[in-house]
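One structure is given here, and the rest of the page talks about it.
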Amino acid sequence: MKDGPDVGAGDGIEGALAATEDQVDAAIKAAAAVTRELRKAKVGAARGQVRDLRKALAAAAGYAAESAQAAKAAEASFDFDDQGHLASGAFAEELVEAADAAGVTMVESDQRLLCYPSLIKILPGDAAVEIDRRRERRLRPSVLVALLAAAQKRPPRFRAETFLESLEAAYDLVRAKQDKRAGVVLPLVDLWSVLTLLPGQQREYSKPEFARDIYLLDASGVSTAKSGRGLRLPASTGTKGTGTLVTVARSGHPQTYWGVSFTEAS
């Protein structure tokens, strides 16, 4: 995925955000001191405690100057090229490293990051990532990894029966077009091409998404279509060549697919 120089500095965006967080925390404390002294001044004015009023106002003015300096320091602290970091591939590397440190398996494939059951696409121009087609603007790697780890604990929202019917229909179309016998094993990528015939559909429904859905179907145990034919995802020497589909299984290990067939029940 990386096709440019590493524009990340030091600890990358995680380190830059952590440093800015510290600066903001200092600014908040300085602002809190201003509020505290102003409250004292309000009490002094309400009660006519002139000496306490003057003391609190002077302290509030001093803290206000410190607060302004702290706010400017916080603003200056985040001098980070986030768009360049995302576009160069450095962010993807940082995210993979953060996932590895948290014990969450994540791999790169076809310009996406795979982290069962989620697919992540980086959107540099929007300063965001897309997780399963949902825009996410929280870019701190530790936060994203925590979100992905939580998603792994929930059952995937996947309609196995519906996907199986679509897969069977695509299989029949490809088999008829290629004039192949019933039950023949066909490359899954040929079915994906049929499922994404409309303009722009291959961008909307990528091979990594298709591979993920094949795995979810395989793992669901749903293998008999309404027609009564059974799904088979046979291992093949094709899994070592072109046309393979790779995803990440629940176990964290790579899962590879190549062919598919639908056969009549014996």
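Please read these numbers as outputs of a predicted model, since none were measured by experiment.
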Please report, to 0.1 Å, the donor-acceptor pairs under 3.5 Å made by any side chain of residues 96-107, with sequence neighbours excluded.
none

Please check if the side chain of [X] supplies one atom and the backbone of [Y] the other of a donor-acceptor pair under 3.5 Å.
{"X": "S206", "Y": "R203", "answer": "no"}
{"X": "E37", "Y": "Y63", "answer": "no"}
{"X": "S118", "Y": "L114", "answer": "no"}
{"X": "S67", "Y": "A64", "answer": "no"}
{"X": "D52", "Y": "G44", "answer": "no"}

[atom1]-[atom2] distance between [X] and [Y], expressed to the nearest 0.5 angstrom:
{"X": "S193", "Y": "L173", "atom1": "OG", "atom2": "CG", "answer": "12.5 Å"}
{"X": "L233", "Y": "Q255", "atom1": "CG", "atom2": "CD", "answer": "9.5 Å"}
{"X": "I13", "Y": "D81", "atom1": "CD1", "atom2": "CG", "answer": "10.0 Å"}

- Query: side-chain contact (heavy atoms from CB on, under 4.5 Å) between I131 and V129: does it pass, once the steps are laid out?
  - Reply: CA-CA 6 Å; I131 302 176; V129 297; 4.2 Å; yes
**Prompt:** Which is it for T247 and F210 under the side-chain contact (heavy atoms from CB on, under 4.5 Å) test, yes or no, and what are the steps along the way?
**Reply:** CA-CA 9 Å; T247 190; F210 182 56; over 6 Å; no
What are the two closest non-hydrogen atoms of [X] and [Y], and how far apart are they?
{"X": "Y116", "Y": "P156", "result": "OH-CG, 4.0 Å"}
{"X": "L191", "Y": "V260", "result": "CD2-CG1, 3.6 Å"}
{"X": "A30", "Y": "A70", "result": "CB-CB, 4.4 Å"}
{"X": "P234", "Y": "G259", "result": "CD-O, 3.8 Å"}
{"X": "L139", "Y": "A127", "result": "CD1-O, 3.4 Å"}
{"X": "A74", "Y": "Q23", "result": "CA-CB, 3.8 Å"}

Open item on the list: So, using side chain to side chain donor-acceptor pair (under 3.5 Å) as the criterion, who are the partners of Y215 when residues are at least two apart?
Closed with: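 For Y215 there are no side chain to side chain donor-acceptor pair (under 3.5 Å) partners, ignoring immediate neighbours.
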* With E66, which residues qualify under side chain to side chain donor-acceptor pair (under 3.5 Å), at least two apart? ->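 Testing E66 for side chain to side chain donor-acceptor pair (under 3.5 Å), a comparison that skips the adjacent residues, returns none.
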Check this for me: does any side-chain nitrogen of one of [X] and [Y] sit under 4.0 Å from a carboxylate oxygen of the other?
{"X": "D218", "Y": "R232", "result": "no"}
{"X": "E165", "Y": "K226", "result": "no"}
{"X": "D126", "Y": "R135", "result": "yes"}
{"X": "E130", "Y": "R112", "result": "no"}

I'd like to check the side-chain contact (heavy atoms from CB on, under 4.5 Å) partners of A41; sequence neighbours left out, ordered by chain and number.
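Applying side-chain contact (heavy atoms from CB on, under 4.5 Å) to A41 gives L53, A56, L57.
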- Query: What pairs with S251 under side-chain contact (heavy atoms from CB on, under 4.5 Å), at least two apart in sequence or on another chain?
  - Reply: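 Counting only residues at least two positions away or on another chain, S251 forms a side-chain contact (heavy atoms from CB on, under 4.5 Å) with A249, H253.
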message = Tell me which pairs pass ring pair (Phe, Tyr, Trp, His ring centres under 6.0 Å) where either residue lies in residues 20-49, with sequence neighbours left out.
response =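 Every pair satisfying ring pair (Phe, Tyr, Trp, His ring centres under 6.0 Å) with a residue in residues 20-49: there are none.
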Q | All ring-ring contact (aromatic ring centres under 6.0 Å, His included) counterparts of F158, not counting sequence neighbours | A |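 Here the qualifying residues are F163.
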Q | Test ring-ring contact (aromatic ring centres under 6.0 Å, His included) applied to F91 - qualifying residues, sequence neighbours left out | A |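 For F91 there are no ring-ring contact (aromatic ring centres under 6.0 Å, His included) partners, ignoring immediate neighbours.
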Taking CZ in R36 as the centre, count heavy atoms belonging to other residues, nucleotides or ligands within less than 6.0 Å. Is the count above 12?
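Atom CZ in R36 is packed in, count exceeds 12.
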Discussion item. Please tell me whether V246 and Y205 are part of a single hydrophobic cluster in this structure, the criterion being side-chain heavy atoms less than 4.5 Å apart.
Written reply: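 Unlinked, V246 and Y205 end up in two clusters.
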query: Do the side chains of L123 and L113 join up, straight or via other hydrophobic residues, at under 4.5 Å, putting them in one cluster?
result: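 No.
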Item checked: Hydrophobic cluster (4.5 angstrom, side-chain heavy atoms) - remaining members for I28 ->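 The other cluster members (ILVMFWY side chains, heavy atoms under 4.5 Å, direct or chained) are V24.
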* To do: May I ask you to list the residues sharing a hydrophobic cluster with V50, side-chain cutoff 4.5 Å, ordered by chain and number?
  =>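 Via sub-4.5 Å side-chain contacts, V50 links to none.
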What's the verdict on side-chain contact (heavy atoms from CB on, under 4.5 Å) for H85 and E94, showing C-alpha distance, side-chain angles and the deciding distance? CA-CA 10 Å; H85 191 62; E94 187 178 356; 2.7 Å; yes
- [ ] Would you sort out whether L95 and L144 count as a side-chain contact (heavy atoms from CB on, under 4.5 Å), showing the intermediate values?
- [x] CA-CA 8 Å; L95 194 56; L144 280 175; 4.0 Å; yes
Show which side-chain atoms of residues 174-187 pair as donor or acceptor with protein atoms under 3.5 Å away, not counting sequence neighbours.
residue	atom	partner	partner atom	Å
R175	NH1	K180	O	3.2
Q178	OE1	K180	NZ	3.4
Q178	NE2	D190	OD2	3.3

Under the criterion salt bridge (Lys or Arg N to Asp or Glu O under 4.0 Å), I'd like the reasoning laid out for E209 against R133: C-alpha separation, chi angles, the key distance, then a yes or no. CA-CA 10 Å; E209 288 176 291; R133 304 192 186 189; 3.0 Å; yes
query: Do R212 and D132 pass the salt bridge (Lys or Arg N to Asp or Glu O under 4.0 Å) test, and can you show the C-alpha distance, the side-chain angles, and the key distance before you say yes or no?
result: CA-CA 11 Å; R212 185 268 314 275; D132 296 331; 3.2 Å; yes
Of D213, T256, L188, the residue whose pairing with L245 passes side-chain contact (heavy atoms from CB on, under 4.5 Å):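 Testing L245 for a side-chain contact (heavy atoms from CB on, under 4.5 Å) against D213, T256, L188 leaves exactly one candidate, L188.
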Inset, instruction - Hey, could you give me each pair passing side chain to side chain donor-acceptor pair (under 3.5 Å) that has a residue in residues 69-80? Not counting sequence neighbours. - result: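 Listed once each, the pairs are T20-S77.
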